[in-house]
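Data first, discussion second: the structure below is written as structure tokens.
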Amino acid sequence: MSDIFKLELNRRPRRTRRTSSLRALVRETEISPRHLIQPLFVVDGESSPEAIDSMPGIFRLSITDLIKECRELVDLGISAVALFPKIEDNLKSDDAREALKPDTLVLRAIRAIKTEVPEISVVADLALDPYTLNGHDGLWDSGAQDLANDATVEVLTDMAVLAAEAGVDLVAPSDMMDGRVGAIRSALDGNGFERTAIMAYSAKFASAYYGPFRDAVGSSGAACTHDLDKRTYQLDPANRREALMEIALDEEEGADILMVKPAGSYLDIIREVREETELPLAAYQVSGEYAQIHAAAQRGWLDLERCRDESLLAIRRAGADIILTYFAKEYAKAYAKV
Ligand code: PBG
């Protein structure tokens, strides 16, 4: 070591990185389990948890196991769960009529959770993909060869009212039809559910990262393809301004919480939305983001826990208040240990 060479510096940023307690003192971003929403897949019957190949550690749960899971999540400090039903193929139809049955799986799941574990908030996703034969989020208009916007919105408003009746805390339209947030708000208010909140999937991109989710709910199976094309309704990944316009519309139409989805490849959008709105902002770290970290970790190429934590930190640092993530429970367990 040379004792001759000495920089004359009045700023040495490394000083506050020297020890773990100094680093803790200056750390700018933190994630507590209360910021996280755990997405959960639910199936009918009393089967034991079904593993999902492309999502290690995630299972489709019967309602009985769903209740147990929610109890554990509450005890770990998680605030909310988002429910995704996987229904039998024989209940799927072109008109998605199963979605409006008062006793459909997801409504039974909501009622069970709100009775047994009322402390946890429940999010009901509103879209038709679990119920349609082709796996699309809305009703297919064969003449137009595209989804029928307004007819789909009508079904979504009925789904919202049913979910509210079942006791859901938040409805989350994930379909990207035009005008659905306003229509859902008036349907809820018109039926006496002015206290049910809307978390809008406002900037939802047509992403390849949804692949594993489509295995989990069986919507890829129905369409027989992973690359179900949703580009006539979900956003073009190339478009920043259009995402901001969607955000502004959902805010005007009365959304309570806005969402950007996926998260990891859209951190710039999260940051911009954070700067444009005062509403709470959620970001969805989707199935493919989860799967890629697991896949690399299985090969020994990445450290699972460190990449998990870094990926979540990045999303929160970009400006998300709330993160929907399949890592929620594991993160909360690790958080409880330190
Ligand atoms: C569908 C829906 C999707 C996800 C949540 N709701 C998939 C899609 O739009 O095809 C994706 C979630 C994930 O990948 O984790 N309404």
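First listed ligand is number 1; within each ligand, the first listed atom is number 1.
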> In terms of ring plane angle, is the pair His136 and Trp140 parallel, tilted or perpendicular, where the classes change at 30° and 60°?
Replying inline: parallel
>> Distance under 4.0 Å, heavy atoms only, partner ligand 1: which residues pass?
In response: Phe84, Asp125, Ala127, Asp129, Asp137, Ser174, Lys204, Tyr209, Tyr210, Phe213, Arg214, Lys230, Gln234, Lys261, Tyr284, Val286, Ser287, Tyr326
>> Rounded at 0.5 Å granularity, tell me how far OH in Tyr331 sits from CG in Leu36.
In response: 7.0 Å
> Quick one: salt bridge (Lys or Arg N to Asp or Glu O under 4.0 Å) partners of Glu275, sequence neighbours excluded?
Replying inline: Arg271
>> Rounded to the nearest 0.5 Å, what separates atom OH in Tyr266 from atom CD1 in Ile269?
In response: 8.5 Å
> Applying the salt bridge (Lys or Arg N to Asp or Glu O under 4.0 Å) test to Asp175, which of Lys204, Lys230, Arg180 qualifies?
Replying inline: Arg180
>> Are more than 12 heavy atoms, taken from residues, nucleotides or ligands other than Glu253, located less than 6.0 Å from that residue's CD atom?
In response: yes
